[in-house]
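Below: the structure, in structure tokens.
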Amino acid sequence: MATESKPSSKPSRVVAVAIDNSEYAEKAFDWYLEKIRRNDDVIVLIHIPESYDFSLATVQNNGEEIREWSPLALQKDAFDFTVPSPGVIRQLLDELEKNVKFLEDRYAEKVKAYGIDGKFRTGGGKPGEAILKIAREENATLIVTGTRGLGKIRRTVLGSVSDYVIHHSPVPVLVCRM
């Protein structure tokens with residue numbers, strides 16, 4: 001009895017590429033495009049913009065900044081809390097939005113030039129965690145990221161997004177070091 005062979009329809013690979021405004025991210029993306037891209041890849045460009053922590057207000061007493069203080073010790077009129085005005089916050093958020101749009105447009109041109117199917121996603125929070133969250137939501141089968149190539153001590157002190165992604169990702173991670 002002969003069995004009919006069906007053409008193998010290998011599903012498209014979903015590739016998550018972590019990007020930012022650095023040359024390292026761009027070189028990693030270019031390396032992916034030139035070396036391992038498949039024609040049927042679906043690409044998810046992931047950008048986690050720098051976030052501002054507006055909860056870090058400066059506490060001052062008679063013009064001097066206080067680094068350690070007890071909320072119980074605060075007395076009305078004795079301390080000045082410096083919090084950004086709504087106008088400053090709006091300006092920072094507008095600048096952030098403008099930078100994200102610029103980055104999206106820049107990468108969209110490259111994606112279009114290669115005829116790749118894909119999308120641009122942004123998220124918030126700690127970059128490594130947010131990259132993995134979006135990669136899971138998109139069912140990524142591979143994550144590509146760049147790295148600054150920090151030394152062991154600097155990476156330990158400063159932390160590394162690529163290091164976090166490598167150690168916590170449920171899928172293979174390709175780190176391009178230039």
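Values below: every heavy atom of this structure, side chains too, minus hydrogens, waters and symmetry copies.
The backbone N or O of S22 lies less than 3.5 Å from a partner atom in the side chain of D20, making a donor-acceptor pair. One N or O on the side chain of S12 and one on the backbone of D40 form a donor-acceptor pair closer than 3.5 Å. Between the side chain of H47 and the backbone N or O of I19 there is at least one donor-acceptor pair closer than 3.5 Å.
Under the 4.5 Å side-chain heavy-atom criterion for grouping Ile, Leu, Val, Met, Phe, Trp and Tyr, Y114 is connected to L103 within one hydrophobic cluster. Under the 4.5 Å side-chain heavy-atom criterion for ILVMFWY residues, no single connected hydrophobic cluster contains both F102 and Y24.
In this structure the side chain of I43 never reaches within 4.5 angstrom of the side chain of R37, judged on heavy atoms. For the pair L93/E97, no side-chain contact is recorded, criterion being any heavy-atom separation below 4.5 Å from C-beta on. D94 is not listed as a side-chain neighbour of K98, based on a closest heavy-atom distance of 4.5 Å or more. Residues K110 and D30 have side chains in contact (heavy-atom distance under 4.5 Å, counting atoms from C-beta outward).
For the atom pair OG1 (T145) and CG (L174), the distance works out to 9.0 Å, reported to the nearest 0.5 Å. Taken to the nearest 0.5 Å, the CG atom of N21 stands 11.5 Å off from the CD atom of E23. The line from CZ of R13 to CG of N39 is 10.5 Å long, rounded to the nearest 0.5 Å. Here Y164 contributes atom OH and L132 contributes atom CG; the two are 6.0 Å apart, rounded to the nearest 0.5 Å. To the nearest 0.5 Å, atoms CD1 (I143) and CZ (R136) are separated by 8.0 Å. K27 NZ to W31 CH2: the interatomic distance, rounded to the nearest 0.5 Å, is 15.0 Å.
For the pairing with V15, the side-chain contact (heavy atoms from CB on, under 4.5 Å) check across I116, V171, L142 returns one residue only, L142.
Scanning all heavy atoms of the two residues, the minimum distance from D41 to Y32 falls at OD2-OH, 2.7 Å. Between I131 and A18, the closest heavy-atom pair is CD1-CB, 3.7 Å. When every heavy atom of A16 is checked against every heavy atom of A135, the shortest pair comes out as CB-CB, 4.2 Å. Closest of all the heavy-atom pairs between E138 and V14 is O-CG1, 3.5 Å. Residue A130 comes nearest to I48 through the heavy atom pair CB-CD1, 3.5 Å, listed as atom of the first residue, atom of the second, then distance. Here the closest non-hydrogen pair linking V161 and P127 is CG2-CB, 3.7 Å.
The number of heavy-atom neighbours closer than 6.0 Å to CD of E137, taken from other residues, nucleotides and ligands shown, is above 12.
The aromatic ring centres of Y107 and F29 sit less than 6.0 Å apart.
The pair K101-D105 counts as a salt bridge, with a side-chain nitrogen and a carboxylate oxygen less than 4.0 angstrom apart. Comment: K133 does not engage E129 in a salt bridge, judged by the lack of any side-chain N to carboxylate O separation of less than 4.0 angstrom.
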